[in-house]
Amino acid sequence: MIRHTVGRLAATVFIAVVLAFFTLPMLWLASAPFDDTPAITTSIPEFTLRNFSAILDNPYALGSIRNSLIQGGGAAVLVVVLAALAAYALSRVRVPGRDALLYLLLLLSSVVTGTAAMVPIFELATRLDLIDTHLGVILVVSGGLLPAAIFILKDFMDDTPTSYEESARVFGATPLQILRHIVVPLVRPGLATIAVWALASVWGGFLFQFILLRDPGKAPGSVILYTLYTEGGAPRLDLISTFSLLYSLPVVAMYLFVSQRYGFRFHGGIKR
């Protein structure tokens with residue numbers, strides 16, 4: 001009895017410590033923007049709104065959030081559309097080496113990181129006149145996200161009943177009509193998962209955006225955040241914390257909306 005009680009107490013303490021480890025940074029992010037003199041500690045803030053005024057006075061802060069929405073939203077749409085088409089084709093068409101090809105694409109996307117591929121990507125973007133454009137960023141980051149997106153969506157496609165498609169095909173529906181009106185409604189949770197994942201990946205991305213964009217007016221928030229330091233390289237915690245809070249709100253709002261409406265799953269739709 002005593003041993004059982006001690007074990008449960010130890011488990012409770014361990015869980016509390018883990019929760020505190022992940023909760024304290026969130027508390028700091030929520031309180032530091034309202035603190036007149038924020039520091040790397042969690043304390044009762046000296047309430048002020050001057051930090052928000054300073055961010056609003058920054059000529060690139062709010063514009064960078066708009067740029068992030070353009071780049072992240074464009075990449076999410078492109079990844080969802082192309083991944084859905086590719087996953088449907090790979091799920092329904094039986095070709096030799098299909099699964100090996102899919103695993104190979106996923107492996108190469110993991111092994112060939114952005115840092116290793118940056119030089120050829122930059123050279124290609126330069127030749128195609130995509131430097132300093134939103135389209136260049138969208139195409140580059142989408143290419144890196146597509147293999148994993150196809151891999152995840154194929155599982156959803158595999159678990160959707162083909163009897164619905166066969167019935168539609170009897171009445172003359174084309175493959176694109178079947179995909180749009182039958183398959184897509186069944187795999188909406190998977191599409192929502194991929195959309196949020198792609199947007200969040202681009203939202204927090206830095207390397208490609210920093211190298212491909214030279215105009216600060218086109219830079220996303222992840223790059224503008226890098227500029228909120230003093231000339232000596234010391235972080236300005238008041239500005240960084242305030243901008244981080246504002247920068248995280250769109251993604252959190254989207255996550256809550258999609259989670260409430262569709263839910264998040266990484267496995268397929270209707271079981272046979």
Side-chain angles (χ1 to χ4, degrees), residues 55 58-87 90 100-153 193-236 239-240 243-244 246-248 250-251 254:
I55 285 295
N58 189 303
Y60 302 114
L62 295 183
S64 68
I65 297 179
R66 181 191 67 246
N67 296 333
S68 294
L69 287 172
I70 294 173
Q71 297 168 16
V77 171
L78 187 61
V79 168
V80 168
V81 172
L82 295 182
L85 293 173
L90 289 172
L101 174 63
L102 189 59
Y103 280 104
L104 180 62
L105 289 175
L106 184 64
L107 177 63
L108 290 177
S109 67
S110 301
V111 174
V112 183
T113 61
T115 304
M118 196 62 250
V119 173
I121 288 176
F122 181 81
E123 178 67 20
L124 180 62
T126 301
R127 291 177 179 270
L128 296 177
D129 199 22
L130 293 175
I131 296 296
D132 212 20
T133 63
H134 293 308
L135 179 61
V137 174
I138 291 172
L139 292 177
V140 169
V141 298
S142 298
L145 297 174
L146 267 175
I150 295 172
F151 183 82
I152 296 173
L153 278 181
T193 300
I194 294 301
V196 174
W197 168 72
L199 178 60
S201 298
V202 179
W203 199 266
F206 175 81
L207 178 63
F208 289 120
Q209 292 88 331
F210 180 73
I211 294 179
L212 295 177
L213 298 173
R214 300 171 182 175
D215 183 1
K218 296 181 180 179
S222 57
V223 175
I224 295 301
L225 183 65
Y226 176 73
T227 67
L228 300 180
Y229 288 78
T230 64
E231 293 182 357
R236 296 191 59 181
L239 298 182
I240 291 176
F243 184 73
S244 298
L246 295 176
Y247 191 54
S248 63
V251 173
M254 185 192 66

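These numbers come from the heavy atoms of this one structure, side chains and all, not from hydrogens, waters or symmetry mates.
- To the nearest 0.5 angstrom, L239 atom CG is 8.0 Å from N58 atom CG.
- Here the straight-line distance linking atom CG of L212 with atom CD1 of I138 works out to 11.5 Å at 0.5 Å rounding.
- Applying the ring pair (Phe, Tyr, Trp, His ring centres under 6.0 Å) rule to Y60 yields no partners; only residues at least two apart in sequence or on another chain are considered.
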Only pairs under 3.5 Å count here: list side-chain donor-acceptor contacts from residues 74-84, not counting sequence neighbours, and write none if there are none.
none

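- Residue N67 holds its CG atom at 8.0 Å from CD1 of I224, rounded to the nearest 0.5 Å.
- Counting all heavy atoms, side chain and backbone alike, V140 lies closest to F208 at CG1-CD2, 3.6 Å.
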List the steps and the verdict of side-chain contact (heavy atoms from CB on, under 4.5 Å) for L225 and S244.
-> CA-CA 8 Å; L225 183 65; S244 298; 3.9 Å; yes
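- Judged as a side chain to side chain contact (heavy atoms under 4.5 Å, CB included), and not counting sequence neighbours, the contacts of Y247 are I65, S68, W203, S222, F243.
- Pairing each heavy atom of L145 with each of W197, the nearest pair is O-CH2, 3.5 Å.
- Note on residues 204-218: no pairs pass salt bridge (Lys or Arg N to Asp or Glu O under 4.0 Å), not counting sequence neighbours.
- Interatomic distance, CD1 of I152 versus CD1 of I194, reported as 4.0 Å (0.5 Å rounding).
- The side chain to side chain contact (heavy atoms under 4.5 Å, CB included) check on R66 picks up I70, with sequence neighbours excluded.
- Contacts classified as side-chain hydrogen bond (donor to acceptor under 3.5 Å, both in side chains) and involving residues 124-147 (residues at least two apart or in different chains) are given here: Q71-H134, E123-R127.
- For the ring pair (Phe, Tyr, Trp, His ring centres under 6.0 Å) test, no residue two or more places apart in sequence or in another chain qualifies with F122.
- Under the 4.5 Å side-chain criterion, counting only non-hydrogen atoms from C-beta, V137 is in contact with L213.
- Remark: S201 OG to L199 CG distance equals 8.5 Å, nearest 0.5 Å.
- More than 12 heavy atoms of other residues, nucleotides or ligands sit less than 6.0 Å from atom CZ of F206.
- Rounded to the nearest 0.5 Å, atoms CD1 (I211) and CE (M118) are 4.5 Å apart.
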